[in-house]
4 protein chains.
Amino acid sequence: MSAKELKKNNIIENALKLFSKKGFYNTTIPDIAKAMKMSVGNMYNYFASKEELAKYAIKYSTNILANQLKEINHKQISSKEKIFLFTKQYLENVKNSPEVIEYFLRVYLSNREVFAQGCEGFLCVSEFVTEVMILLDEGAQSGEFREQEFFTAFSMIMGCLGGFAFLSGEKVLDKDLIEYSNSISENIYRALKSDKA
Amino acid sequence: MSAKELKKNNIIENALKLFSKKGFYNTTIPDIAKAMKMSVGNMYNYFASKEELAKYAIKYSTNILANQLKEINHKQISSKEKIFLFTKQYLENVKNSPEVIEYFLRVYLSNREVFAQGCEGFLCVSEFVTEVMILLDEGAQSGEFREQEFFTAFSMIMGCLGGFAFLSGEKVLDKDLIEYSNSISENIYRALKSDKA
Amino acid sequence: MSAKELKKNNIIENALKLFSKKGFYNTTIPDIAKAMKMSVGNMYNYFASKEELAKYAIKYSTNILANQLKEINHKQISSKEKIFLFTKQYLENVKNSPEVIEYFLRVYLSNREVFAQGCEGFLCVSEFVTEVMILLDEGAQSGEFREQEFFTAFSMIMGCLGGFAFLSGEKVLDKDLIEYSNSISENIYRALKSDKA
Amino acid sequence: MSAKELKKNNIIENALKLFSKKGFYNTTIPDIAKAMKMSVGNMYNYFASKEELAKYAIKYSTNILANQLKEINHKQISSKEKIFLFTKQYLENVKNSPEVIEYFLRVYLSNREVFAQGCEGFLCVSEFVTEVMILLDEGAQSGEFREQEFFTAFSMIMGCLGGFAFLSGEKVLDKDLIEYSNSISENIYRALKSDKA
DNA sequence: TATGAATGAGAATTCATTCAT
DNA sequence: TATGAATGAATTCTCATTCAT
C-alpha cells in the first residue's frame, strides 16, 4: 500500500470516529484535519469532498463487519453457533470500536442525502449484506432455519443488534455489553430456527 | 385547545414532515415557515428555537405510537395477538404516515446532540417505552413470554420493526409493506414466547 | 418602485462600479456589502448569487445605453447627425459614468462563463443591439448608408467606440475625451456612408 | 534556442490556450501543469508566478501579430492593399489560432491588474503598436490616408477587428469568418482614406 | 401576533506558492 | 530539473436568530 493510500486510510479512520461521535453535519473538515494534524487544504488532496470521504468511510467500516462475518461463515459450526458468534463479535465491536457500528447507525442510515449518489441500493454495504445472505441461506438449506424472505430475516438480525447498540450508546444498560450476548443471540436464533431444529 | 395550541400543533406536524424527509440539518426555519405560510419571525413566537421544535416533535410523534399501543394493550386478547396487531399498526404507520416513524429513526436516534438536553434517558419517548414495557410484562406474567430483561426484548421488537421501516424507505421491498406483517410478527413472537406457550 | 426594488438597484449600481473597477473575480461579495454598508448575509436576500448580480448589472447598464440611443433614434435628424450625437454621448458616458462602459467591456465581454446561462446570444444586451440595428436600418433605407451586413457595421461602430474607451482607460490620451468626438464620428460615418451621400 | 527556452515557449503556448479559453482566474497552475504533463512545482522553475506567465504570454502572442504585420508593411503594395491583407490575416488567425486573438481581447484587455506592473503603457504590446503606427504613417505620407491622430485611427482598425473577433466567439455569424474579410477591410479603408484617394 | 430585512459567525472548498525529497 | 504533498488565507454562500415596524 502506497504512502498516499495509507494516509487516506488514516484519514478515513479519523473521520469515522468524528462522524460517528458528532454526526456528519457537526463534523467539519477542519475538525478532521486537526485530528490528522494536517492542513485543511491538504485534506482535499486526498478526498474531493466531505461527502466522498463519508462514502469511503461507510465502505471501510462495512468491510470490517463483512470480513468478520465471512470468517464466521467459513467455520465448520452450526448456524446457531454462527448466530451466537456473530452477536458476540458485534457487541465486542460496539464496546471496542464503537465508531464502526455507530457510523453505520447514526451516519449511514440517517443521512440518505449524503449517500444518495454512489451508494444506491446497498452498493456501499453490499459485501456485508452478502455475508448475511450466506449465513441465512446456509441455515435454511441445512434445515436449521425456517424458510423466510430475506428482508424479514435480515431486519430481525440487524435490527436486533443495531437496536441494542443504540441502547448501549444511550447509556441505559447497567451490565457490561457482552453479558447480554447470549440473550440477544437467543432471541435472534428463536426467531429464525425451524420448528424441528 | 387554544388557537395558539392548534397552531403550535400545526407547526409541529409540518416540521415533522420536513425533518423526517430532509433531516434536521437540511431543514431550515424558513423551510418550515414557508410550509406554514407564515413569516420566519412569527415562528419564534411559538417555539424558542429549532431544537425546541425538534423536541416537541419527538414527543408529538411518540405520543401517536404510544396511544396506538396503549389501545392495543387495553384489549382483552392474548399477548401474541397484541404483537401481531402492533406490528400491523406500525407497518400501516410506515405506509400512511411515514413521517412519524422516520422522524424517530432518522432524526431522534441519529442526532443525539439535538435531544441531549431535555430528552435525557427516554424522557421524550417515555410514554411509548412504558407501553412496550406493559406489553412485555403482561406477556411474561401470563406465561406467554419467556422471562427476559426488558432491554433485550425492547431492542428486538423495535429494532425488528425499525429495521424493516428502513428497508421500506430504501425502496428495496417488492411487495406491499402490509404483506410482510405476519412474517415479522411471527419472528418477534417466536423470539419472545415461552417454550410452553 | 418598492423599497426592496430600490435597494436592489442601489446594490446593482455599487456592484457595477466595483466590478468595472476591479473585475468580476477581484470583487468579493464582502466588498459590495461594505460599499452598501450592509451585511454579507443580507446581500443574499437580494441576489441569489454573485453571478445573478452580474447578470442584473449588465441588463441595468445596457438599458442606460439603449435608452440614450433610443432617444437619439427618435430625433428628426439625419443619420450622420445621429452617429455624431451617439458618439458624443458615448464618450460622455466614458468620462462621467465610466462604470457603465467599462462593465460592458471588461466584465461582460471577457467573462463569458459568468453570463453563459441566462444571457445566451445577445439576450442580456438585446435592447441596445436593437437600437443599433434601427439606427443602421434607417440610415440604409434613407440611402445615407451603404447596404452592408449588420454584424460588420455593428462591430465597426462598437469596436471603434469600445476601443477608444479602452485607450481612455489606459490613460494614454493627452486631450480630453470629448475632443476626439468629431474624429471618431467622422471615421464611423465614412465607413458607413453611401457613395452618393 | 536552449532546451529550457523551448520548454518555456511550450508552457506559454499551453497557457495561452487555457487562459484564452477559460480566462485568467479560472485557469489554475495545476491546469497548465496537467496540459504540460509536468508537475506543479516544476512549473515554477520556468516562471516565477502565474502573473509572470501571463505577461510572457501577451508578449508571445503580440509578437506573432507584430511579425505578420511587419511582413505586410514590408511589401511593395498600396496602403489599401495592406489594410485588406492585414484584415484577412487577422481573421485567419481568429479562425485557426483563436487563442492568439482571444488572449488579447479576453485576458490582456480585461485584466488590467495582472499586467499593471511590467506592461505599463503599451510596453508588452509595443512591437505590434509600432507596426500599426508604421502602416498608418506610410499611408498618410503617401497621401492615401487622411491625416488623423494615431489613437483614433488605431482604435478604428483594432476595434473593428477585435469587435468582429468577439462576434465570432459568440457564434452569431452564419457565414465563414473569411467571407467577411472584404466588408471589414472596406469599412476600415473608407474610414481612413483621404478624399482624393 | 405578524412581518421579513438584517446580522454575523461559520461552513465547504479552492489555489498560488513552497519545499523536502 | 522534477515531484507532488503541504500550507493557509481567501472566497462564496448559509442560516438560526433578532428586531424594528
Side-chain angles (χ1 to χ4, degrees), chain A residues 2-4 7-8 11 24-33 36-54, chain B residues 2-4 7-8 24-34 36-54 114, chain C residues 2-4 7-8 24-33 36-54, chain D residues 2-4 7-8 24-34 36-54:
Chain A
S2 72
K4 186 155 191 176
K7 199 152 202 169
K8 276 183 95 162
I11 295 173
F24 180 76
Y25 291 106
N26 290 310
T27 304
T28 68
I29 294 288
D31 285 343
I32 302 170
M36 285 296 296
K37 284 170 191 165
M38 182 189 255
S39 73
V40 175
N42 200 19
M43 285 284 309
Y44 285 84
N45 288 328
Y46 294 88
F47 296 95
S49 70
K50 198 179 155 184
E51 291 212 347
E52 187 183 300
L53 178 50
Chain B
S2 72
K4 183 156 188 179
K7 200 151 197 170
K8 277 183 91 160
F24 180 76
Y25 291 105
N26 290 312
T27 303
T28 68
I29 295 288
D31 284 345
I32 301 170
K34 196 178 206 178
M36 285 297 295
K37 285 169 191 164
M38 183 190 259
S39 74
V40 179
N42 200 18
M43 285 284 307
Y44 283 83
N45 288 323
Y46 295 88
F47 296 95
S49 71
K50 194 179 162 185
E51 292 210 345
E52 188 185 299
L53 179 49
V114 175
Chain C
S2 73
K4 187 155 190 178
K7 201 152 200 168
K8 277 184 94 162
F24 180 76
Y25 291 106
N26 289 312
T27 303
T28 69
I29 293 288
D31 286 343
I32 301 171
M36 285 296 296
K37 285 170 191 162
M38 185 189 253
S39 73
V40 174
N42 200 20
M43 284 286 308
Y44 284 85
N45 287 327
Y46 295 87
F47 297 95
S49 70
K50 196 179 157 184
E51 291 211 345
E52 188 185 299
L53 179 49
Chain D
S2 72
K4 184 159 188 175
K7 202 153 198 169
K8 276 183 93 161
F24 180 75
Y25 291 106
N26 290 310
T27 303
T28 68
I29 294 288
D31 284 344
I32 301 170
K34 195 178 207 179
M36 284 297 296
K37 283 169 192 167
M38 180 190 260
S39 73
V40 179
N42 200 18
M43 285 283 307
Y44 283 83
N45 288 325
Y46 295 88
F47 296 95
S49 71
K50 196 179 160 185
E51 292 211 346
E52 187 183 301
L53 179 49

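Proteins get letters first, then strands, A, B, ... in listed order; numbering begins at 1 in each. Bear in mind that the values here come from a model prediction, so they are computed numbers and not experimental data. The figures that follow rest on heavy atoms only: side chains count, while hydrogens, waters and symmetry mates do not.
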* Asked: Rounding to the closest angstrom, what is the interatomic distance between E:dT1 and F:dT21 at atom C1'?
  -> 13 Å
Rounded to whole Å, please give me the gap between [atom1] in [X] and [atom2] in [N].
{"X": "C:Phe47", "N": "E:dA5", "atom1": "CZ", "atom2": "C1'", "result": "15 Å"}
{"X": "B:Asp31", "N": "F:dC15", "atom1": "CG", "atom2": "P", "result": "8 Å"}
{"X": "C:Lys8", "N": "E:dA5", "atom1": "NZ", "atom2": "C1'", "result": "14 Å"}
{"X": "D:Ile32", "N": "E:dC15", "atom1": "CD1", "atom2": "P", "result": "12 Å"}

* Dot-bracket encoding of pairs in DNA chain E, which uses [ ] for pseudoknotted crossings and | for another strand, Watson-Crick or G-U under 3.5 angstrom -> .||||||||||||||||||||
Give me the atom names and distance for the closest heavy-atom approach of [X] to [Y].
{"X": "C:Ser49", "Y": "C:Tyr44", "result": "CA-CE2, 4.1 Å"}
{"X": "C:Asp31", "Y": "C:Asn26", "result": "OD2-O, 3.7 Å"}
{"X": "A:Tyr46", "Y": "A:Met38", "result": "CE1-CE, 3.8 Å"}

* **Per-nucleotide protein contact string for nucleotides 7-14 of chain E (B base, S sugar-phosphate only, - none; heavy atom under 4.0 Å)** => BB--SSBB
Side chains of [X] and [Y], heavy atoms from C-beta outward: is any pair under 4.5 Å?
{"X": "A:Ile29", "Y": "A:Phe47", "value": "no"}
{"X": "D:Met43", "Y": "D:Leu53", "value": "yes"}
{"X": "A:Asn42", "Y": "A:Met36", "value": "no"}

* OP1 or OP2 of E:dA2 sitting under 4.0 Å from any side-chain N/O of B:Lys7? -> yes
* Hey, is the side chain of A:Tyr46 poking within less than 4.0 Å of OP1 or OP2 on F:dA6, counting only N and O atoms? -> yes
* To do: Select from B:Lys4 and C:Lys4 the residue whose nearest nucleotide in DNA chain E is closer to the 5' end of that strand.
  => B:Lys4
* Asked: So how far is it from D:Thr27 OG1 to D:Ile32 CD1, rounded to the nearest 0.5 Å?
  -> 6.5 Å
* To the nearest 0.5 Å, how far apart are CG in D:Asn45 and NZ in D:Lys8? -> 11.0 Å
